[in-house]
Structures are given as C-alpha cells and as structure tokens.
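Along the sequence shown, residues are numbered consecutively beginning with 1. Remember, it's 1-based here, ligands and their atoms both numbered in the order they're listed. Please read all numbers here as calculations on a predicted model, not as lab measurements.
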Amino acid sequence: MTIFEKIINKEISAHIIYEDEDFIAFNDNNPLAPVHILVIPKMRSEDVQDITSYDLSKLQNLFEIIKNIAIKYGVDKTGYRILTNVGDDAGQTIKHMHFHILGGKKLGKPC
Ligand code: 5GP
C-alpha cells in the first residue's frame, strides 16, 4: 500500500483541503512552491499509463476540482502548473496516480 492510500484511508494524517467520493486533495509535505497541492484519484492506478476506460468515467471531474482549488488558493489569475509524473525518469516517487498543482510564484521550467 502506498502512503497516499494510507492518507485516503486516514491511517496517516495530511492537511486535506478537498475530498469527495472519488478524489482527495492535500498539501504536499515538501512544498516546491507557495501553493503545492496534490490531487489524488482514490481509485488504484499507478500512473496515467494505467488509466482504463472505467477509470476515465471516475476522472471526469478532475479538472473541475483542480480549477476550483486554483481559485480557492488565488492562483487562477496569476497562473499555475498541473504536473503528473510517470515512472522513474520523471522522478515519480509514489506509485499512485497524482496531480501536483504548483503556483504562487514564477515557476522555472521543469527540465
Ligand atoms: P512524485 O514525485 O511521486 O510525483 O510526488 C510525490 C509527492 O508526494 C512529493 O512532492 C512529496 O513531497 C509528496 N509526499 C510524499 N509523502 C508525503 C506524505 O506523507 N504526505 C504529504 N502530504 N505529501 C507527501
């Protein structure tokens, strides 16, 4: 079980800022920007390569949720980055699909 599944199951704590049946969002505990929030689909998928057509129906609200979080944290007008890592070359450390929302400062190029 990954650490994100433990957060989903409330076995370990996180600063949760949004939750519904299919998603949970919380502050990254090692923030790379003033706003660094992780949005996690609760369904078990290792990364976006792992998405099935069944999963796609569960993901339909993802960008709506991200958009609302960006508004809530005041980065919708200034700009922000949505980032998801896939596999080792991208530096994915937690093998449960997740989307970073990064903002609140001018962001450098990722590579
Ligand atoms: P990845 O590198 O896999 O795309 O991103 C994993 C992210 O999860 C990292 O930015 C890391 O700081 C964050 N993270 C890892 N463990 C925890 C944790 O226990 N709690 C929280 N809130 N974030 C975590």
Side-chain angles (χ1 to χ4, degrees):
M1 185 186 286
T2 68
I3 204 132
F4 289 168
E5 286 165 278
K6 289 183 181 167
I7 291 173
I8 291 166
N9 296 337
K10 310 285 166 29
E11 291 167 31
I12 65 168
S13 65
H15 184 84
I16 296 169
I17 59 163
Y18 176 84
E19 183 165 16
D20 66 22
E21 198 184 328
D22 298 319
F23 296 93
I24 189 166
F26 49 85
N27 286 327
D28 196 294
N29 70 353
N30 185 23
L32 300 176
V35 174
H36 189 172
I37 293 163
L38 301 170
V39 183
I40 319 272
K42 291 182 177 177
M43 67 193 186
R44 181 77 192 91
S45 288
E46 187 165 314
D47 56 46
V48 295
Q49 285 291 120
D50 206 18
I51 294 173
T52 66
S53 51
Y54 166 79
D55 296 336
L56 281 175
S57 67
K58 294 258 173 200
L59 288 173
Q60 62 188 353
N61 292 331
L62 174 65
F63 289 103
E64 183 85 24
I65 290 165
I66 289 174
K67 190 175 83 172
N68 288 335
I69 290 173
I71 293 168
K72 184 173 174 184
Y73 282 80
V75 295
D76 56 311
K77 301 283 194 299
T78 50
Y80 60 97
R81 180 172 295 148
I82 304 165
L83 183 147
T84 188
N85 290 317
V86 179
D88 292 339
D89 278 1
Q92 184 183 8
T93 55
I94 312 281
K95 305 292 189 191
H96 183 111
M97 178 169 47
H98 54 280
F99 297 83
H100 300 251
I101 303 173
L102 292 150
K105 69 169 189 179
K106 286 259 183 238
L107 301 170
K109 295 293 176 196
C111 39

Checklist entry - Given that the side chain starts at C-beta and the backbone is N, CA, C, O, which of these parts of Ile94 lies under 4.0 Å from ligand 1, counting heavy atoms, or is it both or neither? => result both
Next on the checklist: So is His98 touching ligand 1 or not, going by heavy atoms under 4.0 Å?
Outcome noted: yes
Next on the checklist: Does the residue Lys6 have a heavy-atom contact with ligand 1, meaning some pair of atoms that are separated by less than 4.0 Å?
Outcome noted: no
Checklist entry - Under 3.5 Å, N or O to N or O, is Gln92 touching ligand 1 that way? => result no
Next on the checklist: As an exercise, identify every atom of ligand 1 less than 4.0 angstrom from a heavy atom of Gly91.
Outcome noted: 2 (O)
Checklist entry - What do you reckon, are the aromatic ring centroids of Phe26 and Phe4 less than 6.0 Å apart? => result yes
Checklist entry - Looking at atom 10 (O) of ligand 1, what's its closest protein heavy atom, distance included? => result Asp28 OD2, 2.5 Å
Next on the checklist: Working to the nearest 0.5 angstrom, can you tell me the gap between Ser13 OG and Asn29 CG?
Outcome noted: 9.5 Å
Item to check | Numbered atoms and elements of ligand 1 in range of Asn85, under 4.0 angstrom, heavy atoms | outcome: 1 (P), 2 (O), 4 (O)
Checklist entry - Does Ala14, backbone or side chain, put an N or O under 3.5 Å from an N or O of ligand 1? => result no
Checklist entry - With no hydrogens and no angle check, is any side-chain donor or acceptor of Arg81 less than 3.5 Å from a backbone partner on Lys109? => result no
Next on the checklist: Counting C-beta onward and ignoring hydrogens, is there a side-chain heavy-atom pair between Ile37 and Tyr73 closer than 4.5 Å?
Outcome noted: yes
Checklist entry - For the atom pair CD1 (Ile94) and CD1 (Ile3), what is the distance rounded to the nearest 0.5 Å? => result 6.0 Å
Checklist entry - Which atoms of ligand 1 are found less than 4.0 Å from any heavy atom of Asn30? => result 12 (O)
Checklist entry - Rounded to the nearest 0.5 Å, how far does OG1 of Thr2 lie from NZ of Lys95? => result 11.5 Å
Checklist entry - Hey, which atoms in ligand 1 end up nearer than 4.0 Å to a heavy atom of Phe26? => result 21 (C), 22 (N)
Checklist entry - Tell me, which protein residue and heavy-atom name are nearest atom 24 (C) of ligand 1, and how many Å apart are they? => result Asn29 OD1, 3.1 Å
Item to check | Nitrogen or oxygen of Ile7 less than 3.5 angstrom from that of ligand 1 | outcome: no
Next on the checklist: Counting C-beta onward and ignoring hydrogens, is there a side-chain heavy-atom pair between His96 and Ile8 closer than 4.5 Å?
Outcome noted: yes
Checklist outcome for this item: From the list Glu5, Glu19, Glu21, salt bridge (charged side-chain N to carboxylate O under 4.0 Å, His left out) partner of Lys42 resolves to Glu19
Checklist entry - Which atoms form the tightest heavy-atom contact between Ala33 and Leu102, and what is the distance? => result CB-CD2, 4.2 Å
Item to check | Atom indices of ligand 1, in the order listed, that fall short of 4.0 Å to a heavy atom of His100 | outcome: 1 (P), 4 (O), 5 (O), 7 (C), 10 (O)
Next on the checklist: Please give me the minimum heavy-atom distance between Val39 and Leu62, naming the atom from each residue.
Outcome noted: CG1-CD1, 3.8 Å
Next on the checklist: Considering non-hydrogen atoms of the protein only, which is the closest contact for atom 3 (O) of ligand 1, and what is the distance?
Outcome noted: Thr93 N, 2.7 Å
Item to check | atom 8 (O) of ligand 1: nearest protein contact (heavy atom, Å) | outcome: Phe4 CZ, 3.4 Å
Next on the checklist: If we set the cut-off at 4.0 Å for heavy atoms, which region of Asn27 has an atom near ligand 1: side chain, backbone, both, or neither?
Outcome noted: backbone
